[in-house]
Engineer: 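Sharing a structure here in structure tokens format.
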Amino acid sequence: MNTSIYISNNELQVVAGEAGSRGVRFSYAATLNIKGAVLNGVITDEGILKNALTALRDAHPEISFKSVTLTLGSSLIYSKRAQLPALPDKRQIRVVENEIGLLEEGEELVYDYAVLKKDKSSSSVLLTALKSDVIDSYLTLFSSLGMKVSRINTMVNSEIKLLRACRELTGKTFVLIVIDGVYANASLYVNGEFRLSNRVRLFAEPGMEAYATELLSLASSMIQFAYAEKNRAEVQDLLLVGGGEELMASLREALSLPVSPLALSELMGGERHMEEYLYALGSLFAAGRDINLAARRKSGRKEKNPAVRRALAYLPLGALALVLLLVYLLVNAGKLQKEAELNALKAYTHDPAVLAEYAEALSVIEIRTQLADYLSALTTKQEAASHSAEIGGELIAALLSRMGDKLTVTSYAYTAENSTLVFKASASSQLSIPELVQQLRDTGLFSDVNYNGYSSAVDGYYHCTIECVLLNQ
């Protein structure tokens, strides 16, 4: 039997069992109270956590702690689905690092990925990153108790593996919300495939109207994101883990959508009420290329120290900056040279002495005609460049007039060659972004509107990038 432990803010869940194509078999499952030991995935009181693990081991000697799979729940964990080229593992890790990037100077991240689906040329993967000091704190704590953590998984990856094994969800488009103490984890699946997840803090108390409103807002954002995708997927069901019938009835009425509890009894061989162990159970399933932050952390130490790693990470950026600087200098040098040549030509064509000396020569007329054409071409290019900027500005002004104060455009660029307007925007509400995407499509101005979701930042705003292709006039 394998031992899987899930740690959230107030609880530690442990399951001893095995999982495979026929479902899950388990010999033991329990939930321990560790209130005050962990805050958003970060250990705040080692003593509470150590006492809970020691008591568990002493009370159940039949459970093995020689190879523990640890699953963490935290908004500090970066999770994102992406389509990447099919590459060998070591090269793919580098692509993952570049895709995610560095959080900030002085912070070392551990990167990993799980392959969700692949073909000959590319793979759909779940990208993951977590601060190395968070990983180290768990490895050190378990080691001090004589327990070995062989794998560190994330709650999102664990959930994906478990739901993939549920045959009744194959091919379905649905939203799953898991109430995890004072947090709610929402995930969107389109045609049975994971799209995105979001973890939010719940501020209202269960049973209050505001509590249902917070969950309704979370579910609505997922449903609108699904519809805002290119294929405009329509969510068929909302599945819930945690919360009672009254909450489900409230969401059902507000969303006009089937709302029901997630059922794992078929997967569990008829065993009921195991849904609360969702994340611990999911980590029992094996996968091909799977996430293991513990192994990645250990291999990262062998590869290079943090200082060298950060220096190498910034090296491509430095090289790019140098290339851009050289290009800038060359372009400006060429521009200055052309302006000098143009001024010299203007002076020559307007010199009275020259005009008087060659007034009767046909060649002078031909030269002046050629110079006039040259000046006209330069003027046309300058007008075209400024016109592109005017088009971008006019479109942005029109879009802002539609959104009012719901959205702020932070930057934009218009490319005349392919009639494409790309802009970055931020909003105080995640609902404003899908609303904007739909309004853009409804204007009839664009042949295509591409939108890959939004991200949240510590400033409390939601950020997105939207690409609009103008219709050919």
Side-chain angles (χ1 to χ4, degrees), residues 1-9 11-32 34 37-38 41 43 49-50 52-54 56-57 60-74 76-77 79 110-116 126 128-130 132 134-165 178 180 185 194 197 264 267-268 274-300:
M1 291 287 178
N2 300 315
T3 303
S4 176
I5 294 177
Y6 170 65
I7 294 179
S8 63
N9 266 15
E11 294 180 341
L12 181 152
Q13 295 179 341
V14 57
V15 173
E18 295 176 343
S21 58
R22 295 184 179 181
V24 179
R25 293 188 305 111
F26 72 99
S27 60
Y28 179 80
T31 299
L32 306 180
I34 56 168
V38 176
I43 299 174
L49 193 52
K50 283 184 176 181
L53 289 168
T54 301
L56 175 65
R57 180 180 56 188
H60 298 278
E62 73 278 8
I63 299 178
S64 173
F65 290 93
K66 294 180 180 180
S67 180
V68 175
T69 295
L70 180 62
T71 304
L72 301 179
S74 170
L76 298 176
I77 300 174
S79 294
V110 177
Y111 305 86
D112 208 354
Y113 70 98
V115 175
L116 306 179
L126 177 67
T128 296
L130 181 60
S132 59
V134 175
I135 297 172
D136 290 341
S137 66
Y138 284 99
L139 294 176
T140 301
L141 186 144
F142 274 78
S143 178
S144 70
L145 298 175
M147 303 176 181
K148 181 180 179 182
V149 176
S150 59
R151 176 180 296 274
I152 293 182
N153 196 10
T154 68
M155 61 182 185
V156 175
N157 187 48
S158 178
E159 174 192 293
I160 293 172
K161 293 198 294 182
L162 183 71
L163 297 189
R164 186 187 294 157
V178 180
D180 188 16
N185 308 319
F194 173 79
S197 65
L264 299 178
L267 187 67
M268 300 299 299
M274 290 296 292
E275 291 75 22
E276 65 178 282
Y277 293 97
L278 168 73
Y279 300 127
L281 290 171
S283 288
L284 291 175
F285 285 87
R289 178 55 176 88
D290 207 359
I291 289 172
N292 187 351
L293 293 171
R296 282 295 307 149
R297 175 56 177 157
K298 293 172 184 175
S299 64

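Small disclaimer: the values here were computed from a predicted structure and weren't measured.
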Engineer: Does some side-chain heavy atom of Phe194 sit less than 4.5 Å from a side-chain heavy atom of Arg164?
Structural biologist: no
Engineer: Do you know which of Asn157, Thr71, Asp290, Thr154 makes side chain to side chain donor-acceptor pair (under 3.5 Å) with Ser283?
Structural biologist: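 Of all the options given, the one that passes is Thr71.
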Engineer: Distance from Asp136 atom CG to Lys298 atom NZ, nearest 0.5 Å?
Structural biologist: 10.5 Å
Engineer: Closest heavy-atom contact between Ala287 and Lys161?
Structural biologist: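 Shortest heavy-atom contact: CB-CD, 4.0 Å.
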Engineer: Test your reading of the model: is there a side-chain donor-acceptor pair from Thr140 to the backbone of Ser137, 3.5 Å cut-off?
Structural biologist: no
Engineer: So, do Thr54 and Arg57 sit near enough that their side-chain heavy atoms are less than 4.5 Å apart?
Structural biologist: yes
Engineer: Think Arg296 forms a cation-pi with Tyr111, using NZ or CZ under 6.0 Å from the six-ring centre and within 45 degrees of its axis?
Structural biologist: no
Engineer: Out of curiosity, Leu126 CG to Ile160 CD1, how far, rounded to the nearest 0.5 Å?
Structural biologist: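 CD1 of Ile160 is found 4.5 Å from CG of Leu126.
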Engineer: Within the 4.5 Å heavy-atom criterion, are Leu49 and Ile7 side-chain neighbours or not?
Structural biologist: yes
Engineer: How many angstroms lie between CD in Glu159 and CG in Asn185, if you round to the nearest 0.5 Å?
Structural biologist: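 Result: 7.5 Å between the selected atoms.
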Engineer: Is Ile152 close to Val110 at the side-chain level, that is, under 4.5 Å between some pair of heavy atoms?
Structural biologist: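 In short, these two side chains do not touch, never coming nearer than 4.5 Å.
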Engineer: Asp112 side chain to Thr128 main-chain N or O, any donor-acceptor pair under 3.5 Å?
Structural biologist: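 No, because the side chain of Asp112 does not come within donor-acceptor range (under 3.5 Å) of the backbone of Thr128.
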Engineer: Taking all heavy atoms of Met155 and all of Gly73, pick out the closest pair and write down the distance.
Structural biologist: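 So the two residues come closest at SD-CA, 3.6 Å.
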Engineer: Measure from the side-chain N and O atoms of Asn153 to the backbone N and O of Tyr6, and report whether any donor-acceptor pair falls under 3.5 Å.
Structural biologist: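 Between the backbone of Tyr6 and the side chain of Asn153 there is no qualifying donor-acceptor contact (under 3.5 Å).
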Engineer: Of all heavy-atom pairs between Ser27 and Met1, which one has the smallest distance, and what is that distance?
Structural biologist: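 Here Ser27 and Met1 meet closest at OG-CG, 4.1 Å.
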Engineer: Calculate, to the nearest 0.5 Å, the distance between atoms OG and CD1 belonging to Ser79 and Ile291 respectively.
Structural biologist: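 Here the rounded value is 6.5 Å.
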Engineer: Taking the side chain as every heavy atom from C-beta outward, state whether Ile5 and Leu53 have any atom pair closer than 4.5 Å.
Structural biologist: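 Yes, close enough: below the 4.5 Å cut-off.
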Engineer: Under the 3.5 angstrom rule, does the side chain of Glu275 hit a backbone N or O of Leu264 as a donor-acceptor pair?
Structural biologist: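 A pair under 3.5 Å: yes.
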Engineer: Might you point out which heavy atoms bring Ser197 and Val156 nearest each other, and give the distance in Å?
Structural biologist: OG-CG2, 3.6 Å
Engineer: Starting at CG of Leu163, measure out to CG of Leu278 and round the result to the nearest 0.5 Å.
Structural biologist: 6.5 Å
Engineer: What residues, two or more places apart in sequence or in another chain, satisfy side-chain contact (heavy atoms from CB on, under 4.5 Å) together with Ala19?
Structural biologist: Val24, Leu284, Phe285
Engineer: For Ala29 and Met274, which heavy atoms make the closest approach, and how far apart are they?
Structural biologist: CB-CE, 4.0 Å
Engineer: Using atom types as modelled and distance alone, determine if a side-chain donor or acceptor of Glu276 lies under 3.5 Å from a backbone N or O of Gln13.
Structural biologist: no
Engineer: Could you walk me through whether Val149 and Tyr138 pass side-chain contact (heavy atoms from CB on, under 4.5 Å), step by step?
Structural biologist: CA-CA 8 Å; Val149 176; Tyr138 284 99; 5.9 Å; no
Engineer: Find out whether Leu162 and Tyr279 are in side-chain contact, i.e. whether some heavy atom of one side chain is under 4.5 Å from a heavy atom of the other.
Structural biologist: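 Side chain of Leu162 against side chain of Tyr279, heavy atoms only: no contact under 4.5 Å found.
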Engineer: Which atoms form the tightest heavy-atom contact between Ile34 and Ala52, and what is the distance?
Structural biologist: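 Ile34 and Ala52 have their closest heavy atoms at CG2-CB, 3.7 Å.
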Engineer: For the atom pair CG (Leu141) and CE (Met147), what is the distance rounded to the nearest 0.5 Å?
Structural biologist: 9.0 Å
Engineer: If we only count heavy atoms from C-beta on, is the Arg297 to Ser132 side-chain gap below 4.5 Å?
Structural biologist: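 A side-chain contact under 4.5 Å exists here.
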Engineer: With heavy-atom distances below 4.5 Å as the criterion, would you say the side chains of Tyr28 and Leu56 are in contact?
Structural biologist: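 Yes. Closest side-chain heavy atoms under 4.5 Å.
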